[in-house]
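Comments concern the structure below.
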Amino acid sequence: MTVILYIAMGIALLTTVIALTRLNAIHALLYLITSLLAIAVVFFLLGAHFAAALEVIIYAGAIMVLFVFTVMMLNLGPPAIEQERRWFVPGMWAGPGIFLLMLLGEIIYLVYNLRGIETSGTGGSPSEVGVSLYTTYLLGIEISSMLLLAGVVGAYHLGRRAILPVAEEPTRPLLLTEGRKS
Amino acid sequence: MFPYPLIWFVIALPLAGYIVLALTGSRMPHRAVTIIGAGTVGVSLALALLISFWYFIAPPPGLVYTDTLWTWVRVGNFTPGIAVYLDPLAVVMMLVVTFVGFLIHLYSVEYMGDDRGYSRFFAYMNLFVGAMLILVLANNLLFLFLGWEGVGLCSYLLIGFWYTDLNNVHAANKAFIVTRIGDTSLAVGLFLLFTHLGTLNIQEILARAAAQWPVGFGLAIATAALVLGGAVGKSAQLPLQVWLPDAMAGPTPVSALIHAATMVTAGVYLIARLYVIFQLAPPVMLLTAIIGAATLLLSATSALVQRDIKRVLAYSTISQVGYMFLGLGAGAWSAAIFHLMTHAFFKALLFLAAGAVILGLHHEQDIFRMGGLRKSMPLAFWTFLIGASSLAAVPFITAGYFSKDEILAGVWNAYGGTGHLLWVAGLLGAFLTAIYAFRLVFLVFFGEERRSPEKRPGLLIAVPLVILAALAIGGGWVQIPKTVAGLPLFGHFLHGAFTLARTKTDAGAPGMLAGAAAIASLGGIALAYLLYLVLPAFRRRLAEQPIWTAMGRFLITGWGFDWLYEWLIVRPYLWLARVNRDDVIDLFYRGVSWTAALSYRGLQAAQTGNVRWYAAGVAAGALIILAFVVYGL
Amino acid sequence: MTPIPLDLGLLFAAVLFLLGALGVLVRRNIIFMLLSLEVMFNAAGLAFIVAGSRWGQPDGQVMFFFILTMAAAEVSVGLALVLRLRHLLGTLDVDAAATMRE
């Protein structure tokens, strides 16, 4: 079992790295989906079955699909890939790389104290999770549903005007007395 | 008790006039300004006359009236009050100030009538009269110092009255700065007096000093010397006499009031008030006499060659105040005050008459461009002649003769042998005075007329001139020495103020000496007559000799003091200021602004608007916070 | 279902997180930045799961659930913004949106 775990972890890391270094957005997304699936395996092996299912269904299945649709809608063709190629200078990775290596070093130092502790092999069954959600964390559920509502409204509002041609966009903030044309 | 409390009104009315005129004068009609400006001083004069009259008839007990309005400062032992002290000396000074002041205010109504700054002028003049009255009536040295500073301020304001001309501004600055040196000396003297005698009340100081300090005591010498320094500054004596000739840049009424009759005599008054301290410091008294003698000779010689009519009179003032200092130094207190009074009359008269001439000739002040005005300006001629005669101390018929004679008599008796030397200096000075005074008369009023007067003086100029002329003649008859007729009213009167005086002020000199003074004065007039009227060609040939031209150049600058001070003090000081422009203290303030600018630039660099830059910032923050956590463990 | 060393799990999550951060800082295309952001969210969720597994309690999964919800809302709004930005600037270059500078 541990072997499968290590393989899954390795795939997740590898595909994430590859995803971040692609020039084509769709390619990157596909690699990222692969990474997410690998992580779902890791979840499963940790005993968090419900989380694994959620990862596949919602994260890989809804969020990433949304990404793919948006990228398709943006119609990024070869010119975009050309642009990415121009921007993709290896030298740029040096600065943030060193930075984040330092951060990694600090985290390693912090995690160092937790050597020798092992996970318990189970992360709670789905029913336990459900019960916990609706009793202990009920408030959290309600708030996140509001968050989703806010997201829906925001996305709807922001997405609405994208259909209008550029010329009709207001060039100055509208006064209260001026109505909106729509 | 009756009229004495009114003395507060004598002081307050001019000050109230100042406040009203300062706040609303520019919006008031001309006539209202006149009424307030001259009227307040007029009412003040009336009250002063009333009080003086009562003082003569029914003097208060001990010849002193004192009243305190409130305690100005109350810090431990230090409790000077707003208080007046009325004794014979104060009465004399008060009368001089209000009387001459009012006459000059009347004169100014006509003289300054066309000036745009009419209300400003009267505001300043009123403030001056108020401050001068505070000075002479003050009970304690702090209140006196208030008046002292006040007159200094008004002098500055009035010299630079026509401030659009930079020369006037420079003259005003010069006057103020030079007298400031004296003021500082005076202030230190006041500090010393308070520290060692515990009070600033004048009479208290005199009593305690007389009781506690022996003659020749070091502290007395120090204090007296410091007070002398202050007096020297204000009264334009050596070495601080350089400001007075330039102060003639102000309007003529200002020169008459401030720089002839009153402010320059403040120093004399101060020394007279603190006479006990001076008596306890014989070296300082000798110094005073020497300063007086030296100054009177220096300025008399300088007056001989001046071209500007007002500058002649300015040097003359310095010279006459030198006489007063000479008198003070010799211990002839009331003689000095007597000369102060007569000088106020005839010098104001001279200035006002000169003003009438200047006004008539449309602001011409060069005497070599005047001439023959005897016929066309008779009023100015006669009044000027009377003033000049009084200045030259023409015997018996002028007030100047009696007062100068008193001083000379007092000087002869002082210091044993040295007194004779000072007497000779005084005599020589009288001779020179007569020469330059009548040089003026002959050059301006005799000879051929080069410019005709365009304006005849009106009533408001004529009346003050006539009154002052009468006083310049008769003002001396209040003190006729024993050698003549023996009517020493003035000395007797003032004796009440100088109860602790050690010198006998009415000893009188041998008759031969009085005769010598008369001869000096008449001789001077005769010489002037010869040189300027009878033999003008001879004089001109004489003047062209190289020795006389060189000496003339030296004398016309007042013995080169301006040049000396310029190179000794002014330039080094300006150099120092220039070098010190970016000094250490400045560094602090510039450092503050530099730091602010630096942090601004730094923060500005952080606001790039670039999202990735901000993301990097967040990451850096996380790094740092984690570092705190890590290293804090 | 098998126990694994805790530090390994947390380290794995940390490495994923830092990889995502690297992507955010380096990539210039907004889409890729959002992508990297998703990687970071995921890594955080992974850390919670690992921690929950350590104690054997469902709290880890509950937190992961909330993170997921939040990521979903954020992505939808974020992508809508990307569309608007693309419309306004004509490009997906995030540096072109740097108009709020000094």
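Throughout, a chain's letter reflects where its sequence line sits, starting with A, and its residues are numbered from 1.
- Residue with the most contacts toward chain C among Ala28(A), Ala12(A), Gly97(A), Gly130(A): Ala28(A) (heavy-atom pairs, distance under 4.5 Å).
- To the nearest 0.5 Å, the span separating CD1 on Ile39(A) from CG on Leu46(C) amounts to 6.0 Å.
- Taking CD1 from Ile4(C) and OH from Tyr6(A), the interatomic distance works out to 7.0 Å, rounded to the nearest 0.5 Å.
- For the set Pro96(A), Ala19(A), Gly95(A), Ala62(A), the count of heavy-atom pairs under 4.5 angstrom toward chain C peaks at Pro96(A).
- Side-chain atoms of Val26(C) and Leu20(A), non-hydrogen and from C-beta on, never get closer than 4.5 Å to each other.
- The side-chain heavy atoms of Asn42(C) and Glu55(A), taken from C-beta on, include a pair separated by under 4.5 Å.
- Counting heavy atoms from C-beta on, the side chains of Leu103(A) and Phe17(C) never come closer than 4.5 Å.
- Per-residue heavy-atom pair counts under 4.5 Å with chain A were compared for Thr91(C), Val82(C), Leu16(C), and the maximum is reached by Leu16(C).
- Of the two parts of Arg28(C), the backbone and the side chain both hold a non-hydrogen atom closer than 4.5 Å to a non-hydrogen atom of chain A.
- The closest side-chain heavy-atom distance from Tyr137(A) to Phe66(C) is below 4.5 Å.
- Both the backbone and the side chain of Val50(C) come within contact range of chain A, judged by heavy atoms closer than 4.5 Å.
- Heavy-atom minimum distance, Trp93(A) versus Arg27(C): CZ2-CD, 4.4 Å.
- Taking both residues in full, the closest heavy atoms of Phe32(C) and Leu23(A) are given as CZ-O, 3.9 Å, listed atom of the first, atom of the second, then distance.
- Atom CG of Leu158(A) and atom CG of Leu83(C) lie 9.5 Å apart (nearest 0.5 Å).
- No part of Glu74(C) comes within reach of chain A, as not one of its non-hydrogen atoms sits under 4.5 angstrom from that chain.
- With a 4.5 Å cut-off on non-hydrogen atoms, Leu101(A) does not touch chain C at all.
- Interface remark: of the candidates Ser53(C), Ala21(C), Ala80(C), Ser53(C) forms the most heavy-atom pairs closer than 4.5 Å to chain A.
- Note: Phe64(C) and Phe43(A) meet the aromatic proximity criterion, with ring centroids under 6.0 Å apart.
- In this structure, Met146(A) places its CE atom where only 12 or fewer heavy-atom neighbours from other residues, nucleotides or ligands lie under 6.0 Å away.
- When each of Val152(A), Ile141(A), Val71(A) is checked for heavy-atom pairs under 4.5 Å with chain C, Ile141(A) comes out on top.
- In this structure, Met64(A) and Glu38(C) have side chains that are in contact, with non-hydrogen atoms separated by less than 4.5 Å.
- Looking at every heavy atom in both residues, Ile63(A) comes nearest to Leu68(C) through CD1-O, 4.3 Å.
- Atom CG of Leu11(C) and atom CD1 of Ile107(A) lie 8.5 Å apart (nearest 0.5 Å).
- Taking CG of Leu110(A) as the start and CG of Leu10(C) as the end, the distance is 10.5 Å to the nearest 0.5 Å.
- Heavy atoms of Thr21(A) lying under 4.5 Å from chain C belong exclusively to its backbone.
- Only the side chain of Leu32(A) comes within less than 4.5 Å of a heavy atom of chain C; its backbone N, CA, C and O stay farther away.
- By number of non-hydrogen pairs under 4.5 angstrom with chain C, the leading residue of Gly151(A), Ser144(A), Gly154(A) is Ser144(A).
- In this view, Phe12(C) satisfies the ring pair (Phe, Tyr, Trp, His ring centres under 6.0 Å) rule with no residue, not counting sequence neighbours.
- Judged by distance alone, with hydrogens and angles left aside, the side-chain atoms of Ser132(A) form no donor-acceptor pair with the main-chain N or O of Pro58(C) at under 3.5 Å.
- The side-chain heavy atoms of Leu19(C) and Leu13(A), taken from C-beta on, include a pair separated by under 4.5 Å.
- Across every non-hydrogen atom of Gly47(A) and Gln61(C), the tightest pair is O-NE2, 4.4 Å.
- The contact between Phe41(C) and chain A is made by backbone and side chain atoms together, counting heavy-atom distances below 4.5 Å.
- In this structure, Ala48(A) and Ile49(C) approach most closely via the heavy-atom pair CB-CG2, 3.6 Å.
- Proximity to chain A (any heavy atom under 4.5 Å) is shown, for Leu35(C), by both the backbone and the side chain.
- Both the backbone and the side chain of Leu100(A) come within less than 4.5 Å of a heavy atom of chain C.
- Using a 4.5 Å cut-off between heavy atoms, Thr16(A) touches chain C through its side chain atoms alone.
- For the pair Leu74(A) and Arg86(C), the tightest heavy-atom approach, listed with the atom from each and the gap, is O-NH2, 3.5 Å.
- No side-chain donor-acceptor contact under 3.5 Å links Tyr59(A) to the backbone of Ala71(C).
- Rounding to the nearest 0.5 angstrom, the gap separating the OG1 atom in Thr70(A) from the CG atom in Leu79(C) is 4.0 Å.
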